[in-house]
Amino acid sequence: MASAARAGAVAPQTTSRPLRAWQQAALERYEQSSPKDFLVTATPGAGKTTFALTLAARLLQRREVARVIVVCPTDHLRLQWADAADRMGIVLDPGLTNAVGPVRAGTQGYVTTYAQVAGKPMLHAARATAVKTLVILDEVHHAGDGLSWGEAIEEAYGFAARRLCLTGTPFRTKPDERIPFVRYEEDGFEGDSGDGAGLVSRADYTYGYKEALSDSVVRPVVFAAYTGTARWRNSAGEVVAASLSEAGTRSVEMAAWRTALDPKGQWVPHVIAAMDERITHLRENGMPDAAGLVLASDQDDARAYARIVKRITGKAPELILSDDPKASKKIERFAAGSARIAVCVRMISEGVDVPRAAVLAWMTSYRTPLFFAQAVGRVVRSRAPHETATVFLPAVRPLLGLAASMEKERNHVMPPPKAQDPEALDLDPLPPKEREAVGLKQWEALEADARFAHVLHGGTAHTGDGSGPVAAAPLGAEEEDFLGIPGLLTPEQTASLLAKRDDELRLRIAQRVHDEDTGELPVVEDHPEEDEAGRSWRDVAELRREINRLVSRVSAKTSTPHAVVHTQLRQHVPGPPSASASVDVLRARRERLRTML
């Protein structure tokens, strides 16, 4: 069998760097019992992909499995997994569709998505049971996103030889969403009223943020909270004003938050200017390729924020939208390039690997623990000692609560039904503006300003004006220049500097608005296509495109229909259709077509 033969060449030593201590420990625990199911909970940025592919390489090498199937949340992550597998010497096809039956010869498996599995679970079940298969379920909490996905995953992989479940955020909010292949135990549910016990997931190996922080695997996070006064008109036509940081009713708090995020106000430009200044300092002092991410609630806001970035910084950001066919290439380009800022919606919030991203601006009203941890996880991946990540966010209770609990270890909890609180502020995953009744104007943003509130570090707030837990030492000009060198300033000094520069940022923004054209953001030209030779799955995709182009030329030259040319080609070079043909077959067909011209 081709995949078995290829597996013999795979060795775990093909990793690009030595395994981290936690990865080695998790592998040893797995190999003690070689279980059918194994759940690893590791904080975002800890290196779950490397661990999983090292395990896959070992199982392939020992002939304990002959195929590897990776299931991940998004199409872009398919490419990321395939590239990582290539570096490990494992050939995984990220382009295998539900329209193609067998797994392509010459590969050791493929990468798919939860949505694709839900489309044809029996097809994936056939692929997973045709040979002994290791199924890697990346961010397995997605199998609890709805009954259809969970049932499809269970149907597709219930009889697979081995299953490895990975997650960095194993918690949901609904009591009826059990994640397949995860072990649950009864346990008291924190925050309930004592009227029953919920179910809590139990991982086989856990590596939390606190452990990763002490091992310097992830960066420590400093949260820079910005308050401000927001003014809006409610459904009764009344003008309401409220501060972001003042506790109020749920409706007032949410309206103030949404008003602050409105692109027409001054809160967003002010925070983007502060974010840009932080990137500049990082680039000048120790991180020359430092970058930032602006996270928006929807595509309209993302486009508006991109225009603001262009106006404030003088440079167009990378705008990454999920319905853009070039979105994956833009993420790859941003990760490997030198652009300062990317503006995105949800596409880049989970699993996407951009190690040079060290700054995040939270411009969204999403506020679940799951989404928060995954989004912050995009800027915590450590590359060198003493690096830190900075997250700019509204000073609102839900986000400050999540930021203060960053180091808390979490399991997937299914509380008893009575424990569900529909008014719980941090359990609502959708921006309220997406749920307003059609034709009913319930809210209209008028204006919002921005003021630095405090720095939150290690669960403690530092105001920078001497009123925090520890008064900040005065900073001289020389010390200010060192703000960009991670770790040299204390949280108190960072807070003091951000507060000191608040007025400067406000003047800078006003000058930009006065001087510069605020029209549409110019289209950013795409970079030339990179040379993608040498990557096996990319080679196959290019071969297929080349064969189609050659078939068109032969068809035009001989006045023969395309379908007839394809039939003749398969007669001369037997094998499956191009979608599932091996590299050798595709190359032979390409040479045959060249002789026909």
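The analysis underlying the following values was restricted to heavy atoms, covering all of them including side chains, and did not include hydrogens, waters or symmetry mates. Nothing here was measured: the structure is a model prediction, and the numbers come from that model.
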TODO: Enter the distance from K210:NZ to T43:OG1 here, rounded to the nearest 0.5 Å.
DONE: 12.0 Å

- [ ] To the nearest 0.5 Å, tell me how far C344 SG sits from D324 CG.
- [x] 13.0 Å

- [ ] Would you check, one step at a time, whether the test ring pair (Phe, Tyr, Trp, His ring centres under 6.0 Å) holds for W362 with F372?
- [x] CA-CA 9 Å; W362 191 277; F372 188 84; 5.1 Å; yes

TODO: Kindly write out the residues that satisfy ring pair (Phe, Tyr, Trp, His ring centres under 6.0 Å) with Y30, not counting sequence neighbours, or none if the list is empty.
DONE: F38

- [ ] Keeping to residues at least two apart or across chains, list the salt bridge (charged side-chain N to carboxylate O under 4.0 Å, His left out) pairs with something in residues 34-51.
- [x] D37-R163

- [ ] State, without any angle test, whether D215 and W22 hold a side-chain donor-acceptor pair at a distance under 3.5 Å.
- [x] no

Task: All side chain to side chain donor-acceptor pair (under 3.5 Å) counterparts of Y110, not counting sequence neighbours - done: H124

Open item on the list: I'd like to check the ring pair (Phe, Tyr, Trp, His ring centres under 6.0 Å) partners of Y205; sequence neighbours left out, ordered by chain and number.
Closed with: none

Task: Distance in Å, L19 CG paired with F51 CZ, rounded so as to fall on 0.5 Å steps - done: 9.5 Å

Task: Gap between atom CD of Q23 and atom OG1 of T49 - 0.5 Å precision - done: 9.5 Å

Task: Shortest non-hydrogen separation from L402 to T368 and the atoms involved - done: CD1-O, 4.0 Å

TODO: Find the distance between CZ (R367) and CZ (R397) and round it off to the nearest 0.5 Å.
DONE: 11.5 Å

TODO: With sequence neighbours excluded, tell me which residues meet ring pair (Phe, Tyr, Trp, His ring centres under 6.0 Å) with W257.
DONE: none

Task: Row check, F334 ring normal vs R356 NZ/CZ: under 6.0 Å, within 45° - done: yes

Task: With Y305 via ring pair (Phe, Tyr, Trp, His ring centres under 6.0 Å) - residues at least two apart - done: none

